[in-house]
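Remarks on the structure that follows.
All ligand and atom numbering here is 1-based and tracks the order in the structure.
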Amino acid sequence: MTGLAQLEALAEPLALFVAGGAQRDHAALPDGVETLLLLAPDGPRFWAAFTTSAEYRDGQPDPMDRWSRRVIDALADALGARAFYPFGATPPWPFYSWALATGQVFASPVGWLVHPHAGLWLSFRGALGFGRRIDVPLPDTAPCSGCARPCVTACPVAALTDTGYDVPACHAYLDRAEGAQCLSHGCAVRAACPLSQDHGRASEQSAFHMRHFHR
Ligand code: B12
């Protein structure tokens, strides 16, 4: 089995998928890393898998970050790779830039990352850095080509458009009664992406992340 097939097989029961691979010749990768494979939650299966974990149930802070470290550190050990996380590092590891360098993830009209499989629900739980090159097939088409761009007008207070993200305006709306829909079902912009529809993310997962964002 190649490194990619082996990782995909190990990631599948964890409800993670390989969202893309960044290569040293296209990305600023950490020393010693030739290929970096990005791991993303795989639709509604992810929430079902995560909520059965000890971390989700133990009542301690940051359960998803602790779960991610446990399972992705174990993948790194099994595959002889080095694990990187989008949280807990100062300064943060540049996941956004790494994602764009894969050629499998794209900047949407609103700037956030969009993926052919996950749409705007794309996020990362970690990445594995390998000391050897591992090729990852590229998608046939870029996700936003020919799209009517519903993401640009979906935010009820225009806090996120193709002119940028007004974070204080987003939080102010979430403080109002009308913001309850975004808090309990997730960001309206991310939900509006046609590709997000097929990813079928659980509302409970969106509410979990929105609580974290808006705490
Ligand atoms: C800081 C941060 C934020 C800040 C942004 C503040 C700002 N505007 O400057 C805040 C707290 C607002 C934020 C919010 C969210 N974020 Co955020 N955030 C990060 C974080 C931890 C660090 C970014 C950074 O500074 N990198 C350092 C520089 C050097 O690296 P870089 O990759 O080159 O950085 C580029 C990007 O950060 C980009 N950028 C700048 N501002 C913003 C804002 C957002 C929201 C995004 C997506 C990108 C982005 O420009 C930078 C230069 O090219 C990254 C994780 C990571 N390690 O990268 C996640 C990350 C970018 N965020 C992510 C997510 C999911 C969110 C939320 C949607 C969380 C949620 N609710 O689920 C929210 C938005 C709330 C909502 N309405 O739903 C995802 C990307 C999602 C996507 N599809 O694009 C990341 C990759 C985390 C992950 N685990 O997957 N975030």
Side-chain angles (χ1 to χ4, degrees), residues 16-20 22 26-30 36-43 46-47 50 62-69 71-72 83-102 104-129 143-144 151-152 154-176 178-196 199 201-215:
L16 296 172
F17 78 99
V18 178
H26 289 108
L29 299 181
L36 186 87
L37 301 180
L38 297 167
L39 288 165
D42 192 13
F46 175 77
W47 189 247
F50 166 66
D62 300 323
M64 195 179 287
D65 291 352
R66 291 185 290 114
W67 176 87
S68 303
R69 278 194 196 280
V71 304
I72 295 175
F84 299 89
Y85 295 95
F87 51 85
T90 310
W93 290 109
F95 271 73
Y96 184 96
S97 302
W98 284 344
L100 291 183
T102 66
Q104 284 129 324
V105 177
F106 302 83
S108 66
V110 294
W112 293 10
L113 300 168
V114 62
H115 184 274
H117 172 54
L120 274 173
W121 287 132
L122 179 69
S123 66
F124 304 107
R125 292 321 316 161
L128 292 180
C144 304
C151 55
V152 172
C155 177
V157 287
L160 178 62
T161 66
D162 52 1
T163 61
Y165 182 30
D166 182 344
V167 180
C170 176
H171 281 297
Y173 182 67
L174 296 175
D175 278 334
R176 291 173 23 207
E178 303 92 298
Q181 172 77 9
C182 301
L183 274 179
S184 52
H185 296 288
C187 174
V189 173
R190 299 177 82 190
C193 173
L195 292 166
S196 296
H199 205 54
R201 186 157 120 166
S203 285
E204 293 78 13
Q205 184 184 346
S206 289
F208 173 92
H209 290 295
M210 293 304 285
R211 273 199 304 279
H212 186 82
F213 166 67
H214 190 56
R215 64 187 171 187

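- For the ring-ring contact (aromatic ring centres under 6.0 Å, His included) with W93, the qualifying choice from F124, F84, F87 is F84, the only one to do so.
- With Y85 as the aromatic partner, R125 does not meet the cation-pi criteria of under 6.0 angstrom to the ring centre and within 45 degrees of the ring axis.
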Pairs under 3.5 angstrom, nitrogen or oxygen on both sides, ligand 1 versus protein: list them out, please.
from	atom 1	to	atom 2	distance (Å)
ligand 1	32 (O)	P94	O	3.4
ligand 1	32 (O)	Y96	N	2.9
ligand 1	32 (O)	S97	N	3.0
ligand 1	33 (O)	S97	OG	2.4
ligand 1	57 (N)	P86	O	3.1
ligand 1	57 (N)	W93	O	2.7
ligand 1	58 (O)	W93	O	3.2
ligand 1	58 (O)	F95	N	3.4
ligand 1	72 (O)	R190	NH1	3.2
ligand 1	77 (N)	Y165	OH	3.2
ligand 1	83 (N)	L113	O	3.0
ligand 1	83 (N)	L122	O	3.0
ligand 1	84 (O)	L113	N	2.7
ligand 1	89 (N)	F124	O	2.9
ligand 1	90 (O)	F124	N	2.7

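- Donor-acceptor pairing under 3.5 Å is lacking for the side chains of H185 and S206.
- Looking at H214 and R211, their side chains never bring a donor and an acceptor atom within 3.5 Å of each other.
- With hydrogens and angles left out, the side-chain atoms of D42 and H199 include no donor and acceptor closer than 3.5 Å.
- Ring pair H171/F213: centre-to-centre distance below 6.0 Å.
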